[in-house]
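Step one of this worksheet: look at the structure below.
When a ligand or atom number is given, it counts from 1 through the structure's own listing order.
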Amino acid sequence: MSATAAPPATDLLCINTVRALAMDAVQQADSGHPGTPMALAPLAWVLWQRHLRVDPADPAWPDRDRFVLSCGHACMLMYAALYLTGFDLSLDDLKQFRQWGSRTPGHVEFGVTPGVEATTGPLGQGVGNAVGMAIAEAELAALFNRPGHDIVDHRTYFICSDGDLMEGISHEAASLAGHLKLGKLIGFYDDNHITIDGSTDLAFTDDTARRFESYGWHVQRVTDGNDTQALDAATQAAQAVTDRPSLIIVRTHIAFGSPHKQDSAEAHGAPLGVDEVKLTKQALGWPSLEPFYVPEESLARWRSAKERGARLHADWQRRWDAYRAAFPDLARELERRLAGRLPDGWDSALPTFGAADAQATRAASSKVLNAIAPKLPELIGGSADLTGSNLTYIKGSGDAGAGRWSERNFHFGVREHAMGAVLNGIAYHRGFIPYGGTFLIFSDYMRPAMRLAALAELKTIYVFTHDSIGLGEDGPTHQPIEQLSALRAIPNLVVIRPADPGETVEAWRAAIVHQRGPVALALTRQKLAVIDRAKFGSTAGLQRGGYVLADPPGNPPRVILLATGSEVEIALAAWERLNGEGIATRVVSMPCFEFFAAQPAQYRDEVLPPGIPLRIAIEAAAPDSWYRWVGDRGVVLGIERFGASAPYQRIYKELGLTADHLVAEARRLVQAG
Ligand SMILES: Cc1ncc(C[n+]2csc(CCOP(=O)(O)OP(=O)(O)O)c2C)c(N)n1
Ligand SMILES: [Mg+2]
């Protein structure tokens, strides 16, 4: 650290408070990541003191700046800053770092700590989230601001580390952000030359500045991460650049101030040790060796953020009041959208499908989407370059992008992983119901982001088409097998695989209404008949996850066939034959395991009576997720190999997903007793 770069003494006291708290909390928990918060403490000081427009008294103030700590392991940086600036987080909360039920979990989690805007930890995700937040801001501003009334006008900041920038998702997200010219997005790269394995020389020699410049970002360097003036100046310069996103590369030293651990990978993910903490505090000139000591002078200065935040918020409130007076309808609409309330009558134009409307469920999905879109302006989304296959386009709206932010269709490019994280960012921001489409097989390419959406209980919708071997000729590389079971294994993620165009209507209804977590729709490429609802169970049954579609005439059922999606019509064909030959058979449509599992036991027992153990499930996918529903005497006709290239009817036949096979299995079960 050069002499000229040293912050003023009182600033240094404030900065060192973060360093001391990070060391102490990690030491007390005997686990965590002290080094990076120590290195980034000056940046936190500059940001929270001078730049972040947030109100600690109201973490949900809609026009606040968003801040994402993409390197979620550095969470003590945020916890310290949030406590010090007066968010509803106490010193006791910091003492509970990483303990059961605490508000200071091992990596930052949305909804757990006031002021935390995004759940991060899996590296790279936060960069995508920040891009999504900046998109949401741009879109909301375009829709709701009026001349002289910029009531949506905030920035999105993020901090990322070497690991974030190594991960592919950051490449995708940064490329998209550059393309979209997101001028209010400002990132800081913690260029500390250290990852867990040691020096970044081992595996990372990108020229990050040129990389981001080539994406179309404005790039600056701060050569000394302790130089608060340089950090401040670079932040101001980034704010002044409004036609593209900005990256500020900050050279820092992990565990700054530690005599033995500074610049060492050892400081990344382990306590410094009691002795080293003491030596570091002494080296930093820290006034006390008492753990969690916070000097009054430091706290007072940090807490001035409260007053600053209140002032900024009050100023916005005045502008909001003026806006509300001038544009009462718009104001009400924005309030509705931010609250996540659906407009009355949003579902009044849902289509109905009759016998003549046989079609792929992806095609039915497109009709539903386009029927609800005019009444549900918050619904925005697109596809990862498969718009014409996923059928995700909202007709009557154009392509969103730089200078076209009031449009609703997004082209994410061939960037599934970033798409997932961007959808999360849009959902975190609020004001939208974001959806994204790709082939079901490529859910694998965005699964980490989906998992985080589920963990953070975000409202995002995935439109996954080409949902099985039923896609046919593209072959085994494109045919999902284990994806359905794997997605069903993610807690909080709702997976819906509708059986026909009618169930597709209900699937979208469920997706729009569902709170607290993402919904994945699995849709066919191939045409499906419309199930005759005069003869069979109503589509409304989808809302309970599973329902009796067909029962035997007269007798109670002896055998139950269970199916989802395109295999329901196979089950119905077998049902017809089995009942014809005197084996009383029921068909249960099971479009959504999660909804069904959430039903009262009494309802589940009505649909799947415990006294009927002869059950056969059929689904063109790995069988794993079915065993709970068929029981240990049940059978699953699934797929335990990869698919094949051929017309789909042939693949179904070769893999035994046929009514013949169902009938034979039912006979066998009945004979076995
Ligand atoms: C996707 C993902 N892979 C691996 C990890 C485990 N991990 C946590 S931090 C880290 C790298 C640490 O280096 P860097 O990102 O530069 O952070 P620093 O130590 O400099 O704070 C790794 C591999 C992770 N959190 N997420
Ligand atoms: Mg690093």
Self-check item: Contacts of type side-chain contact (heavy atoms from CB on, under 4.5 Å), residue Arg98, not counting sequence neighbours
Solution: Ala29, Ser31, His33, His107
Quiz item: Taking only residues two or more places apart in sequence, or in another chain, which ones meet Ala39 in a side-chain contact (heavy atoms from CB on, under 4.5 Å)?
Solution: Thr252
Exercise. Compare every heavy atom of Ala522 with every heavy atom of Leu440, then report the nearest pair and how far apart it is.
Key: CD2-CB, 4.5 Å
Quiz item: Hey, are His193 and Ser199 close enough side-chain-wise for a donor-acceptor pair under 3.5 Å?
Solution: no
Quiz item: Going by distance alone, is a donor N or O of one side chain under 3.5 Å from an acceptor N or O of the other, for His171 and Arg211?
Solution: yes
Exercise. Mind jotting down which protein residues get a heavy-atom contact under 4.0 Å with ligand 1? Chain and number order, please.
Key: Thr36, His73, Gly121, Pro122, Leu123, Ser161, Asp162, Gly163, Glu167, Asn192, Ile194, Thr195, Ile196, Ile254, His268
Exercise. For side-chain contact (heavy atoms from CB on, under 4.5 Å), just list the numbers for Gln282 and Leu289, CA-CA rounded to whole Å, side-chain angles, deciding distance to a tenth of an Å, and then say yes or no.
Key: CA-CA 8 Å; Gln282 285 166 343; Leu289 291 178; 4.2 Å; yes
Exercise. Check whether NZ of the Lys or CZ of the Arg Arg303 lies under 6.0 Å from the centre of the six-membered ring of Tyr83 and within 45 degrees of that ring's axis.
Key: yes
Quiz prompt | Salt-bridge present (Arg103, Asp93; N to O < 4.0 Å) | solution = yes
Quiz item: What is the number of protein N, O or S atoms that sit under 2.8 Å away from the Mg ion (ligand 2)?
Solution: 3
Quiz item: Going through the checks in order, is the side chain to side chain donor-acceptor pair (under 3.5 Å) test met by Ser304 and Gln49?
Solution: CA-CA 8 Å; Ser304 68; Gln49 211 52 27; 2.7 Å; yes
